[in-house]
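First comes the structure, then the notes that go with it.
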Amino acid sequence: MASLNVGNLGEYLREQRRQAQLSLRQLADAAGVSNPYLSQIERGLRKPSADILQQLAKALRISAETLYVQAGILDERDRDEVETRAVILSDPSINERQKQVLLQIYDAFRRENALEEDGAATDGSAPAPGPDPAPGKGSGADSDTTAVPPTN
């Protein structure tokens, strides 16, 4: 396991707490930890366990994985996925059901792409091309995509 980078974790937690407009005491109460303990974490003097990080993440309404990466518990190579999830989960403009649907779609796309990559690796072929990202802007007359007008 990687060593904990407690200073950066503390700074990150403080910033997340401020963005959530919570006082130190409010976050400590919501996470079920003492006010002095949370203060020590934010100042980089304490190394919280994964359980405490999970409680803090829940109170801040961010993904625990994001805090695990900050603490050095989760492998850095998964950071992009974690950050994508964190952005979705922290978006105040969508409700919880919408966040869960987006995450399910995201997971489905990742699984699909992983299967394509695995297939290409085993048979040496390139992965099948995905859908045209801009419908109606294909390669010209031979394109089989049709433009769909946007619905408002």
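Residue indices begin at 1 and follow the sequence shown.
- With sequence neighbours excluded, the residues forming a side chain to side chain donor-acceptor pair (under 3.5 Å) with Asp91 are Ser93, listed by chain and number.
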Sequence neighbours excluded and cut-off under 3.5 Å, please list the side-chain donor-acceptor pairs for residues 27-38, or say none.
residue, atom, partner, partner atom, Å
Ser34, OG, Tyr37, N, 3.1

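- Atom CG in Leu24 sits 10.0 Å away from atom CZ in Arg18 (nearest 0.5 Å).
- Not counting sequence neighbours, the partners of Glu15 by the side chain to side chain donor-acceptor pair (under 3.5 Å) test are Gln19.
- No donor-acceptor pair under 3.5 Å is formed between the side chain of Arg46 and the backbone N or O of Gln40.
- Atom CG in Leu67 sits 7.5 Å away from atom CD in Gln16 (nearest 0.5 Å).
- At least one donor-acceptor pair closer than 3.5 Å links the side chain of Gln26 to the backbone N or O of Ser23.
- Distance check: Leu56 CG to Gln54 CD gives 10.5 Å after rounding to the nearest 0.5 Å.
- Residues Ile52 and Ile41 meet the side-chain proximity criterion, which asks for heavy atoms closer than 4.5 Å.
- Between the CZ atom in Arg110 and the CD atom in Glu117 there is a gap of 9.0 Å [rounded to 0.5 Å].
- In Tyr106, the OH atom is crowded: over 12 heavy atoms of neighbouring residues, nucleotides or ligands sit closer than 6.0 Å.
- Expressed to the nearest 0.5 Å, how far CD of Gln104 lies from CG of Asp107 amounts to 8.0 Å.
- Connectivity analysis of hydrophobic side chains (ILVMFWY, heavy atoms under 4.5 Å, direct or indirect) links Ile94 to Ile88, Leu89, Leu102, Leu103.
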Salt bridge (charged side-chain N to carboxylate O under 4.0 Å, His left out) between Arg61 and Glu96: does it pass, once the steps are laid out? CA-CA 11 Å; Arg61 299 179 59 97; Glu96 291 302 315; 2.3 Å; yes
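- Evaluation of the side-chain contact (heavy atoms from CB on, under 4.5 Å) rule for Val101 yields Arg97, Ile105 as partners, not counting sequence neighbours.
- In this structure, Gln21 has no side-chain contact (heavy atoms from CB on, under 4.5 Å) partners at least two apart in sequence or on a different chain.
- Ile62 CD1 to Leu13 CG: the interatomic distance, rounded to the nearest 0.5 Å, is 7.0 Å.
- Counting heavy atoms from C-beta outward, Arg14 and Arg43 have side chains that approach closer than 4.5 Å.
- Shown here for Ala86 and Ser63, the closest heavy-atom pair between the two residues is CB-OG, 4.0 Å.
- Formation of a donor-acceptor pair under 3.5 Å by the Glu42 side chain with backbone atoms of Ser39 is not found in this model.
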